[in-house]
Amino acid sequence: MTKTQVFKFGGASIKDADSIKNLANIFRNRLRKNLIIVVSAMGKTTNSLEELLELRINEEDWYQKSAILESYHYSICEELFPEGHSVFSRIKNWFIQLKNEIERPVSKENYDEAYDRIVAFGELIATTIVMEYLCSQGLIVLWQDARELISTNADFRFAKIDWNQTEKLCRSQLLPKLDQFPVLTQGFIGADANGRTTTLGREGSDFTAAILASCLDACSVTIWKDVPGVLNADPKRFENPLLFDELDYRQAAQMTFYGASVIHPKTIKPLANKSIPLFVKSFLNPDAKGTKIHATGIQNPIPTLILKERQILVTFQVTDFSFIEEHHIHEVYRELDQLKLRVNLLQTSAISISIVIDYQVYKLEKLVEKLKGIFKVRYNEDLQLLTILNPEEELVRKFSGTYSILLEQVTRTTFQLVGKPK
Ligand code: ASP
Ligand code: MG
């Protein structure tokens, strides 16, 4: 039996009808049995779904935005399918279900659960369209609901994988199908033990690809991107980035930890544990080699730039003339853990703890509320976090000059600054 291969296509690779046609072309000579195709939501659909929920919570008009999202998907279908094709009624059906979900009562308390139920539609709709299109082109693939495969706990929006159960489900659900046809499924979504929809964190469909690969002992995972592979800087922000031909798992994981958005941070570990190579390739140039991430055992010394936006710097200052002690840090981390907030950077001084976190609806206000009894809390929003791995003096000087810096941190292998661009 040939070993399973996993392909993952993100939003940019299916953002319009031409992109979906391009995807079908990629498959023309690559489609085979034992191939799993993971597809996420089209273009910026997940952002739009988040915005719909926000409008709903604020009791503003969400109908117009939902109509725009619906017609975005419809007009793609109009370019891909003949009039009267069954895909139109299927999409309509998904949107009826979506609108019913948005109508349901939502509050600060059940926000995360409602969020997962709603954003999951992006993936469900996208995979329906892609599956129908591939089949219409004679490229037969089976559609699989990922919630029947990916079993998680009930930490909505950041669900943790139940690996044993997921492996069992993957083997029982997928193996018989993969023996006959390629299977197409959603990234990012799963279900808890009660069948409630969960999600794995924004951009989590790379992680889905890694989970499926790990559970089925796949021979490789390929993430198809709009960039040539893993670069030493985001080409949308920095000039002339360099392409890594190969990268060690460890170095790739480190880059994702600091926010390199080319791969989701949780993707590397399950693959490294099973020595499954990860390829990052361009869907615009599918025959080019891209980057191979595997156990090279070598750290590439090229400086790497990583930028994170919408960052919040929060400073907790002790109020009683004491100094910062371990228990203060525990208090802060306990609340962060409760709120499922990850610290992107930590700095302590004699009387304060400063952390940098991503912006998330309601989270900052909940954090401040919880800790304002113990600390004086101050914060700055809408900042950038710039990380330079393997920094060179000249690069550091060049970038430091372009920011009003609020905080800086230097180690032997990293330079980081938090600030506002000048
Ligand atoms: N559609 C989801 C998101 O945009 C998951 C993903 O793209 O990986 O976050
Ligand atoms: Mg997406």
Side-chain angles (χ1 to χ4, degrees), residues 6-16 19-20 23 36-54 65 69 72-73 76 94-95 98 101 111-112 114-131 144-147 149-150 152 155-161 184-191 197-213 221-227 230 234 236 252 256 259-271 278 280-281 283 308-310 340 342 358-361 363:
V6 183
F7 281 0
K8 183 257 162 171
F9 289 89
S13 64
I14 46 166
K15 67 177 192 305
D16 51 29
S19 313
I20 296 173
L23 183 136
I36 303 175
I37 307 154
V38 175
V39 169
S40 80
M42 290 176 161
K44 300 275 175 231
T45 298
T46 309
N47 292 354
S48 302
L49 290 165
E50 283 185 346
E51 284 157 24
L52 278 179
L53 180 59
E54 236 178 297
K65 204 168 183 71
L69 190 63
Y72 163 65
H73 285 89
I76 290 176
W94 282 127
F95 273 96
L98 168 64
E101 288 296 348
Y111 174 80
D112 286 354
Y115 176 99
D116 283 356
R117 271 202 315 268
I118 288 167
V119 298
F121 280 94
E123 269 62 20
L124 293 165
I125 295 167
T127 47
T128 302
I129 296 174
V130 173
M131 187 275 288
Q144 167 73 48
D145 191 326
R147 293 170 296 184
L149 305 173
I150 307 289
T152 72
D155 277 355
F156 298 104
R157 294 188 66 193
F158 303 94
K160 296 207 179 64
I161 305 300
L184 181 116
T185 191
Q186 306 79 41
F188 180 52
I189 66 173
T197 301
T198 55
T199 64
L200 312 180
R202 283 302 308 264
E203 307 301 331
S205 46
D206 295 349
F207 185 34
T208 304
I211 296 165
L212 298 176
V221 173
T222 307
I223 296 182
W224 296 87
K225 304 280 300 183
D226 56 356
V227 287
V230 181
D234 182 344
K236 291 183 195 104
T256 65
S261 60
V262 62
I263 317 163
H264 186 273
K266 289 188 181 160
T267 312
I268 306 288
K269 190 174 160 194
L271 299 179
L278 170 63
V280 181
K281 285 169 72 109
F283 58 76
K308 259 175 145 341
E309 291 185 298
R310 289 192 99 182
K340 294 173 240 159
R342 201 193 81 150
D358 292 339
Y359 165 78
Q360 278 179 41
V361 185
K363 293 288 169 83

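Any value given below was found using the heavy atoms of this structure, including those in side chains, with hydrogens, waters and symmetry copies removed. Counting starts at 1 for both ligands and their atoms, in listed order.
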Given Arg310, Lys308, Arg202, the one that forms salt bridge (Lys or Arg N to Asp or Glu O under 4.0 Å) with Asp358 =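 Among the candidates, only Lys308 passes.
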Consider only side-chain N and O atoms of Thr197 and Asp116, and report whether a donor and an acceptor are under 3.5 Å apart.
->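 No pair is found: no donor N or O on one side chain lies under 3.5 Å from an acceptor on the other.
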Measuring from each atom of ligand 1, which residues have a heavy atom under 4.0 Å away?
->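 Residue list for ligand 1: Ser40, Ala41, Thr46, Glu123, Phe188, Arg202, Glu203, Gly204, Ser205.
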Looking at Lys236 and Asp226, does any basic side-chain N land under 4.0 Å from a carboxylate oxygen?
->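 Judged by the 4.0 Å cut-off on N to carboxylate O distance, Lys236 and Asp226 do form a salt bridge.
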Taking side-chain contact (heavy atoms from CB on, under 4.5 Å) as the test, write out the residues that go with Ala191, two or more places apart.
->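 If we apply the side-chain contact (heavy atoms from CB on, under 4.5 Å) test to Ala191, skipping adjacent residues, the hits are Arg147.
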Under the side-chain contact (heavy atoms from CB on, under 4.5 Å) rule, what do Lys266 and Ile161 come out as? Steps first, then yes or no, please.
-> CA-CA 11 Å; Lys266 289 188 181 160; Ile161 305 300; over 6 Å; no
Near Lys269 NZ, under 6.0 Å, is it more than 12 heavy atoms from other residues, nucleotides or ligands?
->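 Incorrect, the count does not exceed 12.
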